[in-house]
Structures are given as structure tokens and as C-alpha cells.
Amino acid sequence: MRNTKSSKFAALVVGLALIAGACSDDSSSTDTTATSGTTGGSDTTVSGDTTVATDPPAEGGGTATYAAEQEYVSYNNGTSDQNLFSSTLVLNMLLPGAYIVNPDLSFELWDEMMVSAEVTVDEPQTVEYVVKPEAVWSDGDPIDCDDFYMAWLANSGKLEKPNPDFTAAGQLDADGNEIPETLPVFNTASTTGYDSIASVECSEDGKTITTVYSTPYPDWQGLFGGLLPAHIVENNAAVADITAVDTEATSADAEALGDFWSTGFIGFDPEITISGAWYNIDSFTPGQDLILKRNEAFWGTPGKLDQIVFLQVPDATQQPAALENGDVQVITPQPNADLVAQVEGMDGVSFDISAGTTWEHYDFNQANKHLAKPEVRQALALCIDRQEIVDTLVVPINPEAQVLNNRMYVPESPDYKDNSGEFGTRDVAAAKALLESAGYTMGADGVYADADGERLALRLGRRDPNPRRQSTNELFAEQCKEAGIELTDDPAEDMNSTRLPASDYDIILFAWVATPLQSSNTSIYAPGGDQNYNSINIPELTDLFAQANAEFDQTKRAELMNQIDTILWENMATLPLFQFTNMVAYSDTVSNVVFNDPIGVTWNANEWAVSV
Amino acid sequence: MIRFVIRRLLVALPLLFASSILTFILVTNIGVPKAIEDAMAKPNVQQAQIDSLERQFGIDKPPVERYIKWVTDFVKGDWGTNQNSVEIRPLMWERIQVTLRLLIAASIFSVVLGALIGIIGAIRQYTAFDYTMTFLAFLFFSIPTAVLAGFLKEYGAIQLNPWLRNPSMSTAVLVVLLAFGTLCGFLLLRNRYKYERERPLSKVLLGAAAGLGVAVGVAVIFALFWGGNTYRQGNPKNLIPTVGQTTPGFEGDFMARMQDYFWHMLLPTVSLVLVGFAGYSRYMRASMLDVLSSDYVRTARAKGISERRVTVRHAVRNALIPLVTVVALDFGVLLSGAIITETIYGWAGMGRFFSEALTAKDPRSLLAFVMVTAISVVLFNLIADIVYAQLDPRIRLG
């Protein structure tokens, strides 16, 4: 090579520049003082000629685009195979329901459609819904008792049909599960609540619906949301009236209805995917976008925007760039330090960071020899420093993050109470004292051993790969080393899907999604519950849960649930840590964007307004 | 040759079988489909729901039975439904069309650009142009696609769009650009090669200026007319988008739609071309150097043929032959899409189909994808062999 000196020098300079670029780390934004920040001034100066037809006016009208990571799949979001959050985001604007879930997990009556919904008789529980006379679907059919009736019939799981795969009793399938003799006619995701309803009665005009329960169900407000049009199912199944179908035995009519309900609502069909709320689906290009346009037949307050577009941006790390470029106006990525820093640095963009309803926790498997002793579990709760974990892992993203001290409620809910008592703060000396009182002696290697000489060494199970959970486990292990307990990280890809239900773990780190339905806690903590993987056996809980699940007074119910939570703290069955963090970033031209963890940021998209 | 083709196709059948079995084994062992995992994470999940999901994915049966069922369905044309209960075959066909739209343009540009740079680099070996091009080729080849895409989005879209609305250039920048352009042209065109006819300096400078003028003119027209034309509905603010294949709900005549496709294709194509041209330019350069030092080229020169004719008529054509093989093989893998690029730019192509299927751990989608790619690779391998045999008389098939 000739002229080598200059080219060598140039190569060196570029090489160093690349290395320097890779090594620089400006991610630690520890000086964020506000969780909700408006960054910089807006520089949306429109200059030059615009030959665009839709110029958004100052009040009402216009288009807002939301970056959807996954796309809408099915109009019927209640089936077991298409139960997807991505569909919920779209259906929030389409389907009518009795109650809406607010961001703080409280229920609110949807007064656009409902006149009232109340418990008229306590025993047997009877709830009466009154629908406004002007409520209609976009094709003109009124929203009435038919739709409520179908919701009950489909989700109650009453009707069954023979399973074609069934050969003989006791036959096992590939996974070792017994092949059931019958399959449900309506392939619903969950029958909880609906299976407590004995009957649904309609008034003359169909606008008053009376539901009678066979067993009390205090979470009744969570039912009859996301109603599907019964007349569509009737027409496509060639059944005249769904309310006349036999509910005791499966008839051909019922099977036809069930078939269509379970499989006929996938995708988009303007005849089928009609609207009973503010917007209607105008077009759906799979893999690309879905466009909602105003529902002209909506009887209530119309949505402010003309059009809402769901643009599919599958890589969440690319959503900030799309937001900055103006390709989308609202994004909800999973926040991490780099992403937050990136969004903070953008002009014309605001963002909100909040704690969500998914919460992380450690579970102690009481089938394990050591963990069967309550002193060991309590010692673990005393030697862990949850505040340090939150400060290290969560606060960099959400400065207002706090340690979670309740298994039933999140701090955003008014019923939240800190029930942690003496276990709320770290006390290594107390932990050691507890262990010694349980018959453990300190070994030469700094780890306690029990009376049989077995070392107190436990595995911290978690799903793999997950860097934050790995860090959580490492911090826990370090903190409890001081108390003489040896903890080792135990990652597995199938931890949540296989080992958790099989109770194949010592201590496990995973997350539950909090819902407003308090009765769902029963299967986790009550003795013999379906999701009680930890072998928690506290006899008094059976009674307390039974009481709470029959209590209609929300204040008394909260008291009972908090009582259960306090008992669980004393028993130290599980150890709550913190909530996941959520983030919504939006262009300054869009207003009224509020994040809602249970049902998605589009829950109030009818109130979004675009300004020029 | 017919015998050769038939023999190759017959060999391909067991090969496809073997790859389907191997893929099936892999797919069975990657774990439970994500839909089932998500369902189990919710409190209050019921066994009936899990059972129904298992039935949907077909994993409620033992592996051998599943494989046999899959194979018999596959050859009949029933490829099953994916994790969202969408039929795989029509979905895949749509995705293939999108991928072809993106990758054919990118591939053609990469090949042409790579070949040109390789040829000129070989002719002007060890000059500033050669070193620069080698360096740039390796630079773009080594940059991770995500970094390059981020860079392009930032400077090619986010920063460029406001400028395109109101294009203006200060005199200083213009002068610097002109000087830089002339320098490049000069370096490219000047007399370096020892066998070239002497060319006077004035002609070289004129050629450089002319080329530069054309380039600048095109850029100016681009900026002034297309930049200022905000034909895209619903988004009057920016011209070059960072995500998507088309504007949602776009309505317009054929020309407007072509323009819309063009702007959406711009950044992803540039991404792919920058990464792709490196390989081809190195192949071409090496092949060209090899040919230029061969006996028949020396004979041609000795016979008095001008250097330009020797290069263009004799050397280049012979140097292209190995490149044809490489290009044919690369086109074979084209159908598998550019996974990272498509995900980053939000294009619904085959690459994204695969990455979505893998995230959802849907066995049928993954199997269908691998089979389609395998068939494509086998076919293009065959085509590459045939074409190579046609071009090079020294090669005999079979």
C-alpha cells in the first residue's frame, strides 16, 4: 500500500471515534425531579404551502395515531384463544359495557348508555340494569337485553358438547392432562362471575335487565362489559331469538350460536364488527394499521377526533423515533432508563410515568423443608432490603416508586393499607434471632444449618432471560448473606409456564396482575386453591375468604381483605416487592391522554383532542 | 441438462424432508407457545382455557402424531392457522409480496452499486478512491443494523424533514459542497492507470464538474419540488417517514400512491443497500483483479485494443461470472426477509412474520416459514448452477 501513513492515521481516528461512541454512557438521569415533564418548547411552526385536505381545526376533528406494538386480532376478546390486550385497545372505543375500569382500578358506571345498575335484592343477589332507550348499535339494532343475555349464556359455560377427541375416560393427551369428555359450546376465556348467575330476565321493551345470582358475587360490576351484538350472532347462526334457547340441554341452535360466537368474530368485517360506542372500524390492514372513524349512529357525546389510527410499530425501541418524526402521536413503550432519557430530550413531546397494576413478588414454597418453618420465612422478610431494591432498580425510571406493602390493593386504590408491620423494614439482627429460635446454628462458612445439619441454602427461581429479575435476585442474595442465608439465582426459561404450576421451586420471583376483582385472590391464597402453588395452609382464610366473597359493602369488604393480608404478612407466605412502571409519551398537539393500566391508554381516546 | 435438473430436484425432496424434521424437533423444544404462558400468568385461569389453547396450537397430541398430521396437511396445501387464528398461507403470501417489494429494490441497488465500486476499485487499485471505498464498505458492513437505522432515522428523517419543508442552503455550505464534489470527481477520473491514454487535465476537471453539476441539479430539483410537495394526507408535517409501508388510509391516484411507496421505501432501502453493497464490492474487486492480471487480458492489450475496451468488453464480463453465483444464492435467501430491518421500520414482511412467530413460539408458522425458505434456497441454488454453466464454457453440468 502506498501513502500508508495518512490512511493509517485516518483509520485510527475513526476507530477511536467509534469506540468512544460505544463506550459513552449518558443513561443515568438521576436528576429527574418530575415524573411528568413537558420538554422544551414546541417548535411546530408550519411554514410553506400545504396541499393537504384535512387541516385539523382548533376544536374537534383531526386524526391521532397510536403506535401499537401488537395488532388487533379479534372483535370477540372473550374467547380463550383470542384473549389479547392488543384487541382490547381497539375495542375500548367500539364495544358498550355497563361499567368502565378507571386507572385506579375502580369501577364507574358508563352513563352514556346506562341509566342505572344496582343491587335491588340482597338475598338472592339480584342486580337490575337499565339501559337508555336511545342506545343503538351502528346498524340500527337497539342495545338491549339480548346482548346482556348472550354475554351471560356464552360466558357461563353452562352448555357443553361432546369432545371429538375423547375416546375413553382417563385417556391422557401429550401433556399428560386428561382429555375431557365434553367441550364448552361457547369457547369462553373465563366463566368467573357469570357462572354464579342463575337467570337473566328481560323487560317488555328489553331495556331493563334483571340478573339473579345463585351464589353471591360481590365483584358483579366487572360483568357485562364489552358487550357483543346478539343480533349479529343470531343472524349468522340462523337462530331467531337467543333468549328462547334452552339453557339446560345443548340444542342444535345453541351449538350454532356457540360456533359463531367462538370463531366468527376474528378480524374485520364491516357487517359483523359493528360499533356500540364512539368509533367504528373503518379499515384494517393486517400487519400495518387499523383505522377507526367516528360512529355516526352514536347517541351520546361524540368523540372529539374524526379518526384514530393504530399504526403497528412492532419494535418498542423505535417508537420514540416515530413519535419525534410525527409518524405517531401517542406511544406506550416499556420504560427503561435510556428510553426515558431519549423521550425527555425531545422537543414538542410530553410524557407521564406511573406505577402500574402488575406487581412483582417473591413466593416461598412451603413444601420446602426450611421454608415450611414460619421463622425462616419471616427471617427472609427481615433480612431483605426492599427499599434498596426499589431504589436501585425502579427509582431511576420512576422517581416516585415505593415499596409495595399489600397483596390485595395497589397504592393507587383508596383501600390500600400498609399491613407490613414489623416486617416493613430491614432488621438483620432480628432475622438471626428468629433463625436461632427455630433451632438453626451458624456454621463455619457463615451459613446457618438446622438441627439435622442441612444448610439454609435456597434457590431463587426466575424466568430467564430477564436482566431486572437477575439484579433483584442478586441484591436479595447479597442482603441475606449477612443473616447467614445462602441464596442462589435459579433462572429457567420455563419457570413460569412449567415449574411454577408444578411447584418445582424454593423461592420464586414473578408478577401478578392486580384487577378490581378481589375474589380472584381466593385461588391464590386459600387452602386448596387452584393457583396456591406455595402450599399455603391457613385454615382461617377459608372462612375469611368466604365472608369477603359474599360481602357487598365495599368498606367492610376492604376491611376483610386487609385482615386477610395482615394474616398473610404474619404467615409470610409471599413477599410483595414493587409495581411495574408504565410510561405514556405523546406529542404536544394531543391533549387528554391518560394512561390506564387495566384496559389501555385508549380507554378515553374519545376525549383526545388534536390542536394545530 | 434436463437430466441434471431432474436429478437435482429429486435430491431436493429428501433434503426438504430432513429440514422439516429438524425444524420440527427444534420447534417442539423451544417451549410452550406464548399465548399459553400468558394465560397461565393470570390469576384465576381455568384449565379449560389452557386445554382449548393447546387444542388450537395442536400441541395436545404426541410429537410424532403431530408431525405426521402436519406433513400430510402441508403438502395438501393446508398450512394451518397461526397464533392469532389467521390462516398462514394467505398471510404468508401477503408478507412475501411486501418483502419482495423491499428486498428486490434493495438487492438490485446493492448489486449494481457493489459491482461498480468493485470494478472501479480494481482498476484504480491502491488509490485514494479504492482505500476510501474499502473503508466505507467495511464500516457499513460492521455497523449493527439497528444503529445504522437509528442514525438514518435521526438524520435522514427527523432532522431532514423540517429542512425539506423549507429548503435553503447558506453560501458557505454550497461552496464547501461544490469543492468537495469537484475533488471527488477529480480523484475518480484522473489519469492513474499506467496503460491509459494520456488525458489532459482540463478534460478531467471538465468531466468532474459536469458530473457534479448533474448530481447537484438532481438534488436541488428533489429538494425544491418534491420536498415542498406535501401530498401525503393526514400528516402535513413530514415527508420522509420512519415507520410503515404506506400512510394509513391513503387515498390517491396511481402516481400519488407510487410516491407514497417511494418515500416509505427510502430509508429501509438505504439501510439495506449500505450494509449489502460491501460484500458485492469485495467480490467484484477481487474477481476483477484476478481477471485483469490474466493471460487473455494481457494478450488483448498486446494486440493493441484500447484500455477502455479491454476493461469493459473483456475483463468485466469475465469478472461478473463468480458474482452471478453469489447473487443467485443471495436471492435464494431473499424470501426469508430482513428480520431486523423490517422490525425496525415496521414493515409487515417475511422477516417480521418469522420474528413474530418466534416470539409467539407458534409451531405451525415457524415450520411454514422454514419450508418456504428452504424451497426457495434449493431452487435458487439450482438456478445458480445452471446460469454459471451457461456463462462459463469451461463448466459442464452433471
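None of the values given here were measured: they were computed from a predicted structure. Because only heavy atoms are used, hydrogens play no part in the values below, and waters and symmetry mates are left out as well, while side chains stay in. Note on naming: letters A, B, ... go to the chains in the order of the sequence lines (proteins, then strands), and numbering restarts at 1 for each one.
B:Phe141 CZ: 12 or fewer foreign heavy atoms inside a 6.0 Å radius.
Because its NZ or CZ atom is not both nearer than 6.0 Å to the ring centre of B:Phe57 and within 45° of the ring axis, B:Arg364 does not count as a cation-pi partner of that residue.
A salt bridge is absent between B:Lys34 and A:Glu493: the closest approach of a Lys/Arg side-chain nitrogen to an acidic carboxylate oxygen does not fall below 4.0 angstrom.
Looking at A:Leu183, the atoms closer than 4.5 Å to chain B (heavy atoms on both sides) all sit in the side chain, from C-beta outward. For a residue to count as touching a neighbouring chain, one of its non-hydrogen atoms must lie under 4.5 Å from one of that chain's; by this rule A:Leu290 does not touch chain B. If you measure heavy-atom distances from A:Asp315 to chain B, the contacts under 4.5 Å come from both the backbone and the side chain. Neither the backbone nor the side chain of B:Ala35 comes within less than 4.5 Å of any heavy atom of chain A. Only the side chain of B:Glu356 comes within contact range of chain A, with at least one heavy atom under 4.5 Å from a heavy atom of that chain.
The closest side-chain heavy-atom distance from A:Glu71 to A:Ser86 is not below 4.5 Å. Counting only heavy atoms from C-beta outward, the side chains of A:Pro286 and B:Val86 never approach each other to under 4.5 Å.
Ranking B:Arg352, B:Glu94, B:Glu342 against chain A, the residue ahead of the rest is B:Arg352, based on heavy-atom pairs under 4.5 Å. Contact count against chain B (heavy-atom pairs under 4.5 Å) is highest for A:Gln318 among A:Gln318, A:Glu324, A:Gln319, A:Gln288. Among B:Val243, B:Thr246, B:Thr242, B:Leu53, the residue making the largest number of heavy-atom pairs under 4.5 Å with chain A is B:Thr242.
Side chain to side chain, B:Thr28 and B:Tyr67 fail the donor-acceptor criterion of an N or O pair below 3.5 Å. With no hydrogens or angles considered, no side-chain donor-acceptor pair links A:Ser519 and A:Asn549 at under 3.5 Å.
A centroid separation of less than 6.0 Å is found between the aromatic rings of A:Phe265 and A:Tyr75.
Against chain A, the residues from residues 145-155 of chain B that qualify, each with a non-hydrogen atom under 4.5 angstrom away, are B:Lys153, B:Glu154 in number order.
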> Stepwise, does the ring pair (Phe, Tyr, Trp, His ring centres under 6.0 Å) test hold for A:Phe310 with A:Tyr72?
Replying inline: CA-CA 9 Å; A:Phe310 289 77; A:Tyr72 158 86; 8.8 Å; no

> Should A:Trp512 and A:Phe510 be marked as a ring pair (Phe, Tyr, Trp, His ring centres under 6.0 Å) after you check the CA-CA gap, both sets of side-chain angles, and the distance that decides it?
Replying inline: CA-CA 7 Å; A:Trp512 285 125; A:Phe510 68 105; 5.1 Å; yes

